[in-house]
Asker: 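Please read through the structure below; I'll follow up with questions.
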Amino acid sequence: MLLLRRATALPKTLQNLRLFSPAATSALPLEHTPLETQLDYLPGFPRPDAKHAETILAVPRSDSGKNISAKERKAGRVPSIIFEQEDGQHGGNKRLVSVQTNQIRKLVTHLGYSFFLSRLFDVEVRAELGSEEVVERVRALPRSIHLHSGSDAPLNVTFIRAPPGTLLKVDIPLVFIGDDVSPGLKKGASLNTIKRTVKFLCPAEIIPPYIEVDLSLLDVGQKLVAGDLKVHPALKLVRPKDEPIVKIAGGRVSDQQKDQQKKDQPKKESPKK
């Protein structure tokens with residue numbers, strides 16, 4: 001019942017989209033007709049950089065398990081899975097695959113960890129390495145990636161299918177701008193970054209690579225909350241709108257500033273004898 005109430009509360013632009021969320025029960029049945037208008041990025045908002053539009057190559061993997069995963073990593077491949085829901089045990093259309101370690105490492109290095117997880121990729125599953133036979137080609141979002149604690153080598157990657165007409169919960173990275181002209185920061189206050197990503201319910205067609213957070217008007221003691229973020233109107237916040245994002249916190253007065261304040265204070269006259 002909670003799911004149905006939540007779905008009816010979606011904006012009109014989202015009501016015909018299929019919902020994907022962290023629980024297996026979060027997928028809504030496709031009972032609606034397709035959207036009449038095609039969603040697209042709006043002018044002035046961030047959009048994915050075309051230079052990172054890379055096809056991730058994969059090969060089928062027949063089985064899972066610790067030993068099989070170890071063999072895949074030794075062969076230069078990362079055990080992965082593609083499915084339609086985030087609960088792999090109950091998700092539909094699940095496929096076990098392996099992707100190339102060097103390619104995933106390169107993408108994570110160039111994009112950054114959070115930015116890799118907020119970008120759609122074409123995943124091309126081929127019959128075997130070096131083969132031209134394509135088993136499946138799917139548009140997918142990296143849902144999670146596990147890196148080695150010492151070497152940062154990718155250990156496993158999870159993808160979720162993201163065809164047009166789906167809604168996905170995505171942690172969108174925040175990029176802070178305007179700090180060079182912020183009145184509060186100019187006064188010597190400090191920037192207290194509370195959130196570095198914010199979760200939105202996004203149509204697959206317009207997942208933003210990041211969200212810009214403008215600090216240029218913030219003075220000491222002021223803050224921005226999730227509801228202040230400027231995003232496409234089709235995106236819906238998952239968490240409360242009043243959740244804090246960043247704050248300009250008053251900084252401690254430095255010794256140099258204390259000395260200057262003492263100099264600026266009027267001198268007391270000594271009593272006359």
Side-chain angles (χ1 to χ4, degrees), residues 10 13-14 17-28 30 35 38-41 45-58 61 78-100 103-125 136-147 154-175 196-211 231-232 234-239:
L10 291 173
T13 54
L14 304 184
L17 295 177
R18 188 176 183 183
L19 177 65
F20 285 70
S21 72
T25 57
S26 62
L28 291 178
L30 286 174
L35 284 175
Q38 179 68 34
L39 290 171
D40 198 0
Y41 294 94
F45 286 86
R47 62 177 60 212
D49 194 332
K51 71 180 182 181
H52 296 300
E54 187 168 336
T55 298
I56 295 177
L57 300 180
R61 182 164 51 93
V78 182
S80 306
I81 184 174
I82 308 172
F83 52 76
E84 287 191 351
Q85 299 179 31
E86 295 192 28
D87 183 342
Q89 300 300 317
H90 302 90
N93 204 9
K94 180 173 66 175
R95 181 186 291 277
L96 296 176
V97 298
S98 291
V99 294
Q100 297 174 308
Q103 185 178 29
I104 300 300
R105 186 199 289 267
K106 181 190 72 173
L107 288 171
V108 173
T109 300
H110 287 179
L111 292 170
Y113 180 86
S114 298
F115 297 87
F116 174 74
L117 297 176
S118 65
R119 183 186 178 93
L120 291 183
F121 293 93
D122 288 322
V123 180
E124 191 171 275
V125 184
E136 181 184 15
R137 186 181 179 93
V138 61
R139 193 75 168 158
L141 175 75
R143 171 56 63 205
S144 63
I145 180 170
H146 182 205
L147 303 178
L155 298 178
N156 56 65
V157 187
T158 300
F159 296 94
I160 186 169
R161 299 174 189 275
T166 60
L167 283 173
L168 300 169
K169 286 185 177 180
V170 187
D171 286 309
I172 308 298
L174 302 179
V175 173
R196 296 192 179 276
T197 63
V198 175
K199 190 181 294 292
F200 278 87
L201 191 62
C202 306
E205 297 91 331
I206 55 169
I207 298 175
Y210 58 90
I211 296 172
V231 298
H232 194 292
L235 271 61
K236 182 178 176 61
L237 269 171
V238 174
R239 306 272 307 166

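Numbers for residues simply follow the sequence, beginning at 1.
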Asker: Working to the nearest 0.5 angstrom, can you tell me the gap between L39 CG and I206 CD1?
Answerer: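 Nearest 0.5 Å value for the CG-CD1 distance: 5.0 Å.
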
Asker: Got a second to check how far L235's CG is from I211's CD1, nearest 0.5 Å?
Answerer: 6.5 Å

Asker: Keeping the roles fixed (side chain from Q103, backbone from T55), state whether a donor-acceptor pair exists under 3.5 Å.
Answerer: yes

Asker: Run the side chain to side chain contact (heavy atoms under 4.5 Å, CB included) check on I56 and L107 step by step: do they pass?
Answerer: CA-CA 10 Å; I56 295 177; L107 288 171; 4.0 Å; yes

Asker: Which heavy atom of L167 sits nearest to which heavy atom of P203, and what is that distance?
Answerer: CD2-N, 3.6 Å

Asker: Can you find a pair of side-chain heavy atoms, one from F121 and one from P142, that are under 4.5 Å apart?
Answerer: yes

Asker: So which heavy atom on C202 is nearest to which on P208, and how close?
Answerer: SG-CD, 4.3 Å

Asker: Scan R239, K199, R196 and name whichever one has a salt bridge (Lys or Arg N to Asp or Glu O under 4.0 Å) with D171.
Answerer: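 Among R239, K199, R196, the one meeting salt bridge (Lys or Arg N to Asp or Glu O under 4.0 Å) with D171 is K199.
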
Asker: What's the separation between atom OG in S118 and atom CG in L168, rounded to the nearest 0.5 Å?
Answerer: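 Rounded to the nearest 0.5 Å, the OG-CG separation comes to 12.0 Å.
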
Asker: Do the side chain of R61 and the main chain of S80 share a donor and acceptor less than 3.5 angstrom apart?
Answerer: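 Flag set: sc R61 to bb S80 pair under 3.5 Å.
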
Asker: Search all heavy atoms of F116 against all heavy atoms of I145 and return the closest pair with its distance.
Answerer: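 Scanning both residues, the minimum pair turns out to be CE2-CD1, 4.1 Å.
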
Asker: Where the side chain of T158 meets the backbone of I81, is there a donor-acceptor pair that is under 3.5 Å apart?
Answerer: no

Asker: As an exercise, state the distance from OG1 of T166 to CD1 of I160, rounded to the nearest 0.5 Å.
Answerer: 8.0 Å

Asker: If you count the non-hydrogen atoms of other residues, nucleotides and ligands that lie under 6.0 Å from CZ in R47, is the total more than 12?
Answerer: yes

Asker: Measuring only between side-chain heavy atoms, which start at C-beta, is T197 closer than 4.5 Å to V170?
Answerer: no

Asker: Let me confirm one number: the CD1-CG distance from I82 to L141, rounded to the nearest 0.5 Å.
Answerer: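 If I round to the nearest 0.5 Å, the distance is 12.0 Å.
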
Asker: Parallel, tilted or perpendicular: which one describes the rings of Y210 and F115, with boundaries at 30° and 60°?
Answerer: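 If you compare the ring of Y210 with that of F115, the planes turn out perpendicular.
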
Asker: What heavy-atom pair brings D122 and R137 nearest, and what distance separates the two atoms?
Answerer: OD2-NH2, 3.6 Å

Asker: Just verifying a value: how many Å separate N156 CG and S144 OG, rounded to the nearest 0.5 Å?
Answerer: 6.5 Å

Asker: How close do A204 and A162 get, counting heavy atoms only, and between which atoms?
Answerer: CB-O, 3.8 Å

Asker: Can you check whether V175 reaches P46 side chain to side chain, under 4.5 Å on heavy atoms?
Answerer: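 V175 vs P46: side chains apart.
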
Asker: What residue among R95, R139, K94 forms side-chain contact (heavy atoms from CB on, under 4.5 Å) with R161?
Answerer: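 For R161, the side-chain contact (heavy atoms from CB on, under 4.5 Å) test succeeds with only one of R95, R139, K94, which is R95.
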
Asker: Heavy atoms only: give me the nearest P154-L147 pair and the separation to one decimal.
Answerer: CA-CD2, 3.7 Å

